[in-house]
**Q** 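Handing you this structure, nothing more for now.
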Amino acid sequence: RLRERGIPVEDFGGEDLFSSYEIQLLYNYLKLLNNSSDDLALATLLSSPVVNLSEEEMLDIRQSCTDKKFYYECLSSVTDEKILEKLNKLDNLLNLGRRTLCNGTVYDCLNAFVQATNLQSIVSLLPMGKSRVDNINVFINHFVGKSYNTSLFEFVNFVETNNGQL
């Protein structure tokens, strides 16, 4: 269904573009901006090279507040300076996204995220690095001139309603 709306769905290796690591990272960033209580999107970003929390650090955070329903609620009780520094990165990125979306577009927001995180350099070090960088560019450039470029909610809702079917 995304193909029908003109959303690119294949990467340069013929794989499903939307399921690639780098696009899932971008998409989960958008999902978290759209809904701060989306624990799956939050966990994706926290464990990514962008924030770089280890599994052990993530587990420590969760175990320190078992009375909370959502993981994001636990973040406010973190006292470890090393973890707080990493969480501050995420907070800055979310604030950047919110500010960008106030006066800009989804395209602007994704570009700001990629630049602030140096994401293209990060994914270029992974296997098939050049293709991954190309995937990012294809995905971001897709938003130019699209109606949902001005509505984060509309884009996320469209993808969710179609069960991630591309």
**Q** Can you tell me how far CZ of Arg98 sits from CG of Leu33, rounded to the nearest 0.5 angstrom?
**A** 6.0 Å
**Q** Are the side chains of Asn118 and Val50 in touch, meaning some heavy atoms are under 4.5 Å apart?
**A** no
**Q** Kindly say whether Gln24 contributes a backbone atom to a donor-acceptor pair with the side chain of Asn28 at under 3.5 angstrom?
**A** yes
**Q** Go through the steps for Leu152 and Val156 under the test side-chain contact (heavy atoms from CB on, under 4.5 Å), then give the verdict.
**A** CA-CA 6 Å; Leu152 174 61; Val156 170; 3.9 Å; yes
**Q** Roughly how far apart are Leu40 CG and Asn35 CG, rounded to 0.5 Å?
**A** 11.5 Å
**Q** Could you report the tightest heavy-atom contact between Gly97 and Cys109, atom names first, then the distance?
**A** CA-SG, 3.8 Å
**Q** Taking only residues two or more places apart in sequence, or in another chain, which ones meet Tyr107 in a ring-ring contact (aromatic ring centres under 6.0 Å, His included)?
**A** none
**Q** Report yes or no: does Asp108 contribute a side-chain atom to a donor-acceptor pair with the main-chain N or O of Thr105 at less than 3.5 Å?
**A** yes
**Q** At their closest point, which heavy atom of Tyr21 faces which heavy atom of Pro49, and how far apart are they?
**A** OH-CD, 2.8 Å
**Q** Quick one: side chain to side chain donor-acceptor pair (under 3.5 Å) partners of Ser124, sequence neighbours excluded?
**A** none
**Q** Let me confirm one number: the CZ-CZ distance from Phe139 to Phe18, rounded to the nearest 0.5 Å.
**A** 5.0 Å
**Q** Only counting residues at least two apart or in another chain, list the ones meeting ring-ring contact (aromatic ring centres under 6.0 Å, His included) with Tyr71.
**A** none
**Q** Gln115 side chain to Ala112 main-chain N or O, any donor-acceptor pair under 3.5 Å?
**A** no
**Q** Testing the basics here: between Ser37 and Phe70, what is the closest heavy-atom pair and its distance to 0.1 Å?
**A** O-CD2, 3.8 Å
**Q** Does the side chain of Ser54 pick up a donor-acceptor pair with the side chain of Glu56 at under 3.5 Å?
**A** no
**Q** Where do Ser47 and Met58 come nearest, in terms of heavy atoms and distance?
**A** CB-SD, 3.8 Å
**Q** Would you say the side chain of Gln120 lies within less than 4.5 Å of the side chain of Arg132, judging by non-hydrogen atoms?
**A** no
**Q** Looking at OG1 of Thr44 and CG of Leu32, how far apart are the two atoms once the value is rounded to the nearest 0.5 Å?
**A** 9.5 Å
**Q** Kindly work out whether a path of hydrophobic side-chain contacts (I/L/V/M/F/W/Y, heavy atoms less than 4.5 Å apart) joins Leu53 to Leu84.
**A** yes
**Q** Over all heavy atoms of both residues, which pair between Glu73 and Lys68 is shortest? Give the atoms and the distance, please.
**A** OE1-CB, 3.7 Å
**Q** When you compare the side chain of Thr117 with that of Phe113, does any pair of heavy atoms fall below 4.5 Å?
**A** yes
**Q** What's the separation between atom CG in Asp38 and atom CG in Leu30, rounded to the nearest 0.5 Å?
**A** 11.5 Å
**Q** Between Asn95 (side chain only) and Asp91 (backbone N and O only), is there a donor and an acceptor less than 3.5 Å apart?
**A** yes
**Q** Can you tell me if Asp134 and Ser131 form a side-chain donor-acceptor pair at under 3.5 Å?
**A** no
**Q** Please answer whether the main-chain N or O of Asn137 pairs with a side-chain N or O of Asn141 as donor and acceptor at a distance below 3.5 Å.
**A** yes
**Q** Look at the side-chain heavy atoms of Ile, Leu, Val, Met, Phe, Trp and Tyr, link any pair under 4.5 Å apart, and say whether Tyr29 and Val138 land in one connected group.
**A** yes
**Q** Ignoring hydrogens and angles, tell me if any N or O in the side chain of Thr66 forms a donor-acceptor pair with the backbone of Gln63 under 3.5 Å.
**A** no
**Q** How long is the gap from CG on Leu45 to CG on Asn52, to the nearest 0.5 Å?
**A** 12.5 Å
